[in-house]
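None of these values were measured; they are calculated from a predicted model. In what follows, chains carry the letters A, B, and so on, assigned in the order in which the sequence lines appear, proteins first and then strands, with residues in each chain numbered from 1.
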There are 2 protein chains.
Amino acid sequence: MPAKRPPIPLTRERIIEAALHIADGQGLRRLTMRRLGDALQVEAMAIYHHLPRGKDALMDALAEHVTAVHAEPAGSWQETARAWCRASRDALREHPGVLALALTKPPKGRAAAAVREQTEQLAEAGLPDAAEAVRALRAYVFGAVAVEVQQSGWADPPGDEGETEPWRPPSRGGGSAAADADFERGLDALLAGLARS
Amino acid sequence: MPAKRPPIPLTRERIIEAALHIADGQGLRRLTMRRLGDALQVEAMAIYHHLPRGKDALMDALAEHVTAVHAEPAGSWQETARAWCRASRDALREHPGVLALALTKPPKGRAAAAVREQTEQLAEAGLPDAAEAVRALRAYVFGAVAVEVQQSGWADPPGDEGETEPWRPPSRGGGSAAADADFERGLDALLAGLARS
DNA sequence: ACCTGAACACCGTTCAAGT
DNA sequence: ACCTGAACACCGTTCAAGT
């Protein structure tokens, strides 16, 4: 018989990765400490050693993961803002299963740090009210992704007919070209509006 | 001893009302069929008679309740759109506890009907691509309410220190005047942008 | 038609115990 | 330090039974 292969050590990162996989594939309501343990080949209780506050900590970590993006300052504040918005949209679209958390939980930790960093970058690039601009930009991205994911029908059958088929992220590759164009067009308009005020 | 007072009959409306009260006061994660039953002075199982698909049906109903708004067509398509957006924002802000559902679940039933009605009104008022406009307007409202509720710290202590103190809707009356102004300003800008395309 | 009671499978979390 | 096993209170849902 083959030797029992040495177990991969449990880490916060592996836990979050597995949790995202479950949430994206089966929905947030089926993300369960016990299921998560199974996916990690471990008893559910082992997770508490890495996330002491349990499921609440897990939810916070998921929201943070999908929301703590980074972008380098570009030439103008407009280009910097554009980079931030694209990065945020990509991160949110990649994990529709935790979108509800991301749109709803106030930013903490690295997510809050990202908001501050973005604000500083825009302020340094000469934008007068950078805090208000960041609020408007975040709102724009949140709304755009929300309607896009809604329209993709991601939450429609939380397990409809056949087997539990994992979900395909909204049009990887082709199809969503229209959504991309809409997003860029709206973003241009918003940036123009922010420049005028 | 006083006569047992006749129980108020259970209805779909009363169930939804009580569920909103719990979700807004203690958060969605504490909205439980059994707790809901307690609030309605009934065994949890009685709810299934009015919502046959159980908790999934309840979630759908909550999203629908907070999302199925109505507005009358006004003079211009701009004024009509403004009325819809204000009504949507008010409805969402009133129930932060189910915001995650509202932003995330695809519209069904009366909510989907409201989207269609809004689209027809704008089309009849002469707006070329009413469907795209409605998507943009919905995205704007969703994003604005999301950041506003985030900033209000609604989800911050899901039970922090003292007792389970019920939550006060974001600045009933005074304080949110700035948020109101931001909302109207952004809405004006969006409407201007939609007119130009 | 409407609600209850008991039951079942599953959930989050604790804690003492193993290594 | 890291993980397990057993235990506890609670959850969603079913089903037969009451009225």
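A residue-by-residue look at A:R35 and A:P52 shows that A:R35 has its nearest nucleotide of DNA chain C further toward the 5' end.
We find that CE of A:M45 is positioned 17 Å from P of C:dG18, with the value rounded to whole Å. Atom NE2 in B:H50 sits about 6 Å away from atom P in C:dC2, given to the nearest Å. With rounding to whole Å, A:Y48 atom OH is found 13 Å from C:dC15 atom C1'. Distance NE2 (A:H49) to P (D:dG5): 16 Å, rounded to an integer number of Å. Rounded to whole angstrom, the span from the CG atom of B:L10 across to the C1' atom of C:dT4 amounts to 13 Å. One interatomic measurement links the two molecules: CZ of B:R30 to P of D:dA9, which rounds to 17 Å at whole-angstrom precision. Going from atom NZ of B:K55 over to atom C1' of D:dT14 covers 17 Å, rounded to whole Å. The distance between atom CZ of B:R34 and atom P of C:dA7, rounded to the nearest whole Å, is 13 Å.
Residue A:T32 has a polar side-chain atom (N or O) positioned under 4.0 Å from OP1 or OP2 of C:dG12.
Side chains of B:Q121 and B:W77: no donor on one and acceptor on the other come within 3.5 Å. Residues A:R35 and A:Q26 have side chains that never bring a donor and an acceptor to within less than 3.5 angstrom of each other.
Base pairing analysis places D:dA6 opposite C:dT14; the two distances defining the Watson-Crick or G-U wobble pair are each below 3.5 Å. Of the nucleotides present, D:dT19 is the one that pairs with C:dA1 by Watson-Crick or G-U wobble criteria, both distances under 3.5 Å.
For the salt bridge (charged side-chain N to carboxylate O under 4.0 Å, His left out) with A:D60, the lone residue among A:R110, A:R53, A:K55 that qualifies is A:R53.
Residue B:R29 is classed as having no contact, given no heavy-atom separation below 4.0 Å to the nucleic acid.
Under the 4.0 Å criterion applied to side-chain N and carboxylate O atoms, A:D129 and A:R135 are not assigned as salt-bridge partners.
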